[in-house]
Colleague: 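Here it is: the structure, laid out below.
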Amino acid sequence: MSFNRLENKRVLITQSDDYMGKDIKNLFEEEGAIVFADNRDLTPDTAAQSLVKEAGHIDVLIANLAAVNPKISIEDTTDDIWNNGFDIMVHPLHRLVRACIPQMKERKSGKIIVMGSATALRGQKNRSSYSAARGAQVAYVKSVGIEVAHHNIQINLIAQNFVENPSYYPPEYIKTEDFKERMKEVPINRLATGREDAFLALFLASEESNFFVGQTFPFAGGWVV
């Protein structure tokens, strides 16, 4: 059932074919949003600014950014491996937000939701580069959230894990012994559906959530609380 919570709201979703892009797009359109779904590479310096310019009026930015999560020791984490996560998930986040903020300030209204990761909230061995990049997203959202709150712009982050999506939990991986072992760490003992996750993004994008500022919301079935 749709309640048109985003009726006529213009929404930009990045990396729209990956991670949580498709589930958010489908639900937001059901709720009346006008969705600009884009899947371009955002690592070039000017890509984010060009995307925001093409999208035009943006009421809601969904910063949906995902990269490889290598399982590798700190000694074997090369500069290239370390930089990759920041190049895909951190630098584009700043460029997207920086490009969107002026128009949102002018209208005194805006929502930015970062599709982050619960790995930023729980230490794990052999995950330093990915965890550091995801942690940088959390710190960025805290700071920018405070900075723009008085303009009636809310920026928040969903720290997810164990959610069905093509980037981290494709069907072929779910069949492996490694996945079965990892599931033992999840108190709810299942993956969340992408739609469940999209409903949290919908709440944060709607007018029902205007009092949250720079917050990180764990969504991981009890893996972090």
Side-chain angles (χ1 to χ4, degrees), residues 12-25 37-52 54 61-100 112-144 155-174 176 178-179 181-182 185 191 194 197 201 216 218-220 223-224:
L12 171 60
I13 304 175
T14 67
Q15 213 169 318
S16 58
D17 288 344
D18 306 313
Y19 201 27
M20 305 314 305
K22 290 184 178 180
D23 288 298
I24 293 174
K25 176 180 182 293
D38 188 86
N39 204 47
R40 77 189 64 184
D41 177 10
L42 291 174
T43 57
D45 292 352
T46 61
Q49 183 176 355
S50 297
L51 172 56
V52 170
E54 286 178 31
L61 167 65
I62 304 293
N64 179 58
L65 303 165
V68 172
N69 183 358
K71 187 175 184 180
I72 187 169
S73 71
I74 189 65
E75 295 97 333
D76 293 326
T77 301
T78 65
D79 285 353
D80 285 342
I81 292 171
W82 177 268
N83 290 334
N84 184 66
F86 284 82
D87 288 342
I88 294 174
M89 298 186 293
V90 181
H91 305 320
L93 172 60
H94 171 59
R95 292 167 185 153
L96 287 163
V97 172
R98 182 177 61 191
C100 285
I112 299 172
I113 297 99
V114 180
M115 304 309 295
S117 173
T119 57
L121 308 180
R122 173 171 167 166
Q124 300 175 86
K125 64 181 181 181
N126 300 324
R127 302 284 186 182
S128 59
S129 61
Y130 184 85
S131 296
R134 289 301 195 182
Q137 289 183 328
V138 170
Y140 183 80
V141 165
K142 285 184 178 181
S143 181
V144 178
I155 175 170
N156 295 289
L157 182 146
I158 297 174
Q160 66 180 69
N161 198 359
F162 299 103
V163 180
E164 292 176 354
N165 70 83
S167 297
Y168 298 119
Y169 294 100
E172 58 271 21
Y173 176 63
I174 293 173
T176 66
D178 182 64
F179 170 77
E181 285 299 310
R182 291 186 66 194
E185 302 175 13
L191 291 181
D197 197 6
T216 292
F219 186 81
W223 187 71
V224 295

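None of the values given here were measured: they were computed from a predicted structure.
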Colleague: Return yes when atom CD of E185 has more than 12 non-hydrogen atoms of other residues, nucleotides or ligands closer than 6.0 Å, and no otherwise.
Modeller: yes
Colleague: How far does CE of M115 sit from CZ of F219, to the nearest 0.5 angstrom?
Modeller: 8.5 Å
Colleague: Hey, does D23 have a side-chain heavy atom less than 4.5 Å from the side chain of D197?
Modeller: no
Colleague: Could I get the full list of ring pair (Phe, Tyr, Trp, His ring centres under 6.0 Å) partners for Y168, not counting sequence neighbours?
Modeller: Y19, Y130
Colleague: Work out which heavy atom in A66 is nearest to a heavy atom in I88; give both atom names and the distance.
Modeller: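 For A66 and I88, the tightest heavy-atom pair comes out as O-CG2, 3.4 Å.
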Colleague: Could you pull out the closest heavy-atom pair between S129 and T77, with the gap in Å?
Modeller: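 S129 and T77 have their closest heavy atoms at CB-CG2, 4.0 Å.
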Colleague: Measuring from L93:CG to I155:CD1, what's the distance to the nearest 0.5 Å?
Modeller: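 Answer rounded to 0.5 Å: 6.0 Å.
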Colleague: Nearest 0.5 Å, please: how far is CG in L42 from CG in N39?
Modeller: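 Between N39 CG and L42 CG, I get 9.0 Å after rounding to 0.5 Å.
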Colleague: Quick one, Y140 with V97, criterion side chain to side chain contact (heavy atoms under 4.5 Å, CB included). Give me CA distance, side-chain angles, the key distance, then yes/no.
Modeller: CA-CA 10 Å; Y140 183 80; V97 172; 3.6 Å; yes
Colleague: Could you give the distance from NZ (K25) to CE (M20), rounded to the nearest 0.5 Å?
Modeller: 14.5 Å
Colleague: Decide side chain to side chain contact (heavy atoms under 4.5 Å, CB included) for N161 and R122; before the verdict, give the C-alpha distance in whole Å, the side-chain angles of both, and the deciding distance to 0.1 Å.
Modeller: CA-CA 11 Å; N161 198 359; R122 173 171 167 166; over 6 Å; no
Colleague: Where is the tightest heavy-atom contact between A67 and N84, given as atom of each residue plus distance?
Modeller: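 Nearest heavy atoms, A67 then N84: CB-ND2, 4.3 Å.
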Colleague: Test of understanding: with ring pair (Phe, Tyr, Trp, His ring centres under 6.0 Å), list the residues that count as partners of Y169, not counting sequence neighbours.
Modeller: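 Listed in chain order: F162.
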Colleague: Nearest 0.5 Å, please: how far is CG in L121 from CG in L157?
Modeller: 8.5 Å
Colleague: So which heavy atom on C100 is nearest to which on V52, and how close?
Modeller: SG-CG2, 3.8 Å
Colleague: Once side chain to side chain contact (heavy atoms under 4.5 Å, CB included) is applied, do any residues pair with A139, and if so which ones, sequence neighbours excluded?
Modeller: none
Colleague: Could you go step by step and tell me if D80 and T78 meet the side chain to side chain donor-acceptor pair (under 3.5 Å) rule?
Modeller: CA-CA 5 Å; D80 285 342; T78 65; 5.2 Å; no
Colleague: Testing the 3.5 Å rule here: is there a donor-acceptor pair between the side chains of D178 and T176?
Modeller: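 No, because no side-chain N or O of D178 sits under 3.5 Å from a partner of the opposite role on T176.
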Colleague: Quick one: does any side-chain atom of S16 pair with a main-chain N or O of G21 as donor and acceptor, under 3.5 Å?
Modeller: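 Such a contact is absent between S16 side chain and G21 backbone.
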Colleague: If every non-hydrogen atom of T43 is compared with every non-hydrogen atom of D41, which pair is closest and at what distance?
Modeller: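 T43 and D41 have their closest heavy atoms at OG1-OD1, 2.7 Å.
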Colleague: Could you list the residues that satisfy side chain to side chain contact (heavy atoms under 4.5 Å, CB included) with V68, not counting sequence neighbours?
Modeller: P70
Colleague: Which atom pair, heavy atoms only, marks the closest approach of T119 to S131?
Modeller: O-OG, 3.6 Å
Colleague: Which residue pairs satisfy the salt bridge (charged side-chain N to carboxylate O under 4.0 Å, His left out) criterion with at least one member in residues 90-100, sequence neighbours excluded?
Modeller: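 As it turns out, the salt bridge (charged side-chain N to carboxylate O under 4.0 Å, His left out) pairs with a partner in residues 90-100, which skip direct neighbours, are D45-R95.
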Colleague: The criterion is side chain to side chain contact (heavy atoms under 4.5 Å, CB included); which residues satisfy it with A133, sequence neighbours excluded?
Modeller: F86, M89, V90
Colleague: Quick one: pull up CZ in R40 and CG in L51 and give me the separation to the nearest 0.5 Å.
Modeller: 4.5 Å
Colleague: I'd like to know if the side chain of N156 reaches the main chain of I113, judged simply by a donor and an acceptor atom lying under 3.5 Å from each other, with no hydrogens or angles considered.
Modeller: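 Flag not set: sc N156 to bb I113 has no pair under 3.5 Å.
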